[in-house]
Amino acid sequence: MPVVTIPIPSCRSHYHCRKLFLLTQTHTSSPLPPTPTTPLFASAVAKRTMLTASSSGGGAFTTIKERVSFEKEIKKSKFIAIAGPISDEQSAFSFLSQVRDPRATHNCWAYKVGDQYRSNDDGEPSGTAGKPIHSAIASSGIDRVMVVVIRYFGGIKLGTGGLVRAYGGVTSECLRNAPTCLVKSKVPMGVEVPFDLIGLLYHQLQSFQVEDIKQDYETGKEGITMVTFKADFDRVEKLEDAIKANCSRELVFYKH
């Protein structure tokens, strides 16, 4: 399975973490934008649950690599499920505007980004479309993904249970056939080092293949510089041990 990396926003509650944030903020994720209020997205049946984003903030997760679709006819109604990778709410709405069909009877959808999710029944009976789409996403183990299910009504009503099975079923099939990749998060870190240890520090950073190395001499301490970088979340402890063993045991690391 392919592996890619993403940055994790840094903590801003301490002095050094605030400095670390300022040095890395151009590479971190921006806050989620306000919910669009245009008729395209506004709906009384839209559901939003905003929880503490523990799973989206660190570690690793599986997402899909590209847009995929699955089509099925159920009692003369055509259901087309279209799934795509997203990074936040804004990209979810962008994806929806690209794939929805205004000529269709319903454009139902759900997305999941960590512990944040939203779903919409788009005119179907409450809880019969958006919720089963989201449930299928959650069951798949795939994160940072949106699924839009387009329905063209064929003249035969499916009933509540039939709708739940139809929307959930096509979503599951769509995701089951999607190519996936493992995303490993990057942790922003920083360490203050004396000038004479910079060479040794850089050697260790390069051996661990860290990214976005930056240096700041404005630490307020003579002969000391702050070096910031981003390391794989699962190699942070080994990196710290290697730097302390080869540079100095007195070094203090700042990270989120």
Side-chain angles (χ1 to χ4, degrees), residues 35-56 61-86 88-89 91-180:
T35 304
T37 56
T38 59
L40 176 61
F41 305 120
S43 172
V45 298
K47 297 182 180 179
R48 173 190 293 241
T49 298
M50 300 292 290
L51 304 173
T52 303
S54 57
S55 65
S56 62
F61 61 87
T62 299
T63 190
I64 63 175
K65 296 172 60 177
E66 59 193 29
R67 183 182 300 184
V68 293
S69 63
F70 176 79
E71 181 176 330
K72 185 176 183 179
E73 183 175 311
I74 303 174
K75 293 186 177 180
K76 297 186 178 181
S77 283
K78 181 189 294 185
F79 290 84
I80 303 174
I82 307 173
I86 60 171
D88 53 25
E89 184 175 65
S91 63
F93 287 132
S94 176
F95 178 75
L96 174 61
S97 66
Q98 293 172 27
V99 303
R100 72 184 302 273
D101 184 356
R103 299 168 301 175
T105 314
H106 305 282
N107 290 272
C108 306
W109 51 266
Y111 70 78
K112 181 179 184 296
V113 179
D115 289 331
Q116 177 191 355
Y117 65 85
R118 187 173 181 181
S119 63
N120 191 310
D121 294 314
D122 192 36
E124 293 283 28
S126 179
T128 62
K131 185 175 180 180
I133 295 172
H134 171 259
S135 296
I137 293 174
S139 298
S140 72
I142 297 175
D143 196 8
R144 303 198 183 202
V145 65
M146 182 176 201
V147 179
V148 179
V149 179
I150 302 169
R151 181 191 182 189
Y152 301 92
F153 182 59
I156 300 176
K157 293 184 177 181
L158 302 183
T160 300
L163 289 173
V164 170
R165 289 188 293 273
Y167 281 101
V170 296
T171 300
S172 295
E173 288 296 328
C174 183
L175 295 177
R176 185 176 296 116
N177 298 321
T180 60

How close do [X] and [Y] get, counting heavy atoms only, and between which atoms?
X      : Y      : answer
Tyr111 : Ala92  : CD2-CB, 3.7 Å
Val148 : Phe95  : CG2-CE2, 4.0 Å
Phe93  : Trp109 : CE2-CH2, 4.1 Å
Asp121 : Gly130 : OD1-N, 2.8 Å

With a cut-off of 3.5 Å and sequence neighbours excluded, list every side-chain donor-acceptor pair involving residues 74-85.
unit_1	atom_1	unit_2	atom_2	d
Ser77	OG	Arg151	NE	3.4
Ser77	OG	Arg151	NH2	3.2
Ser77	OG	Gly154	N	3.0

If I take atom [atom1] from residue [X] and atom [atom2] from residue [Y], how far apart are they, to the nearest 0.5 angstrom?
X      : Y      : atom1 : atom2 : answer
Cys108 : Arg100 : SG    : CZ    : 10.5 Å
Leu96  : Asp122 : CG    : CG    : 8.5 Å
Ile64  : Cys174 : CD1   : SG    : 7.0 Å
Arg144 : Phe61  : CZ    : CZ    : 3.5 Å

Q.
The criterion is side-chain contact (heavy atoms from CB on, under 4.5 Å); which residues satisfy it with Asp101, sequence neighbours excluded?
A.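 If we apply the side-chain contact (heavy atoms from CB on, under 4.5 Å) test to Asp101, skipping adjacent residues, the hits are Arg103, Ala104, Asn107, Ile150, Tyr152.
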
Q: Could I get the full list of side-chain contact (heavy atoms from CB on, under 4.5 Å) partners for Pro179, not counting sequence neighbours?
A: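 Here the qualifying residues are Lys65, Glu66, Val68.
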
**Q.** Sequence-distant partners of Arg67, salt bridge (Lys or Arg N to Asp or Glu O under 4.0 Å), two or more places apart
**A.**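 For Arg67 there are no salt bridge (Lys or Arg N to Asp or Glu O under 4.0 Å) partners, ignoring immediate neighbours.
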
Q: Kindly determine whether Glu89 and Arg118 satisfy side-chain contact (heavy atoms from CB on, under 4.5 Å), including the steps that lead there.
A: CA-CA 9 Å; Glu89 184 175 65; Arg118 187 173 181 181; 3.8 Å; yes

Scan the side chains in residues 133-141 for donor-acceptor partners under 3.5 Å anywhere in the protein, sequence neighbours excluded, and list what turns up.
unit_1	atom_1	unit_2	atom_2	d
Ser135	OG	Lys131	O	3.0
Ser139	OG	Ser135	O	2.9
Ser140	OG	Ile137	O	2.6
Ser140	OG	Ile142	N	3.2

**Q.** Evaluation steps, side-chain contact (heavy atoms from CB on, under 4.5 Å), between Thr63 and Thr180
**A.** CA-CA 6 Å; Thr63 190; Thr180 60; over 6 Å; no

Q) Between the side chain of Ser91 and the main-chain N/O of Ile86, is any donor-acceptor distance below 3.5 Å? A)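 Side chain of Ser91 to backbone of Ile86: no pair is present.
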
Q: Indicate yes or no: at least one non-hydrogen side-chain atom of Val149 is less than 4.5 angstrom from one of Val170.
A: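 The answer is yes; the side chains approach within 4.5 Å.
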
Q. Can you list every pair that meets side chain to side chain donor-acceptor pair (under 3.5 Å) and has a residue in residues 159-171, with sequence neighbours left out?
A.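 Listed once each, the pairs are Glu124-Tyr167.
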
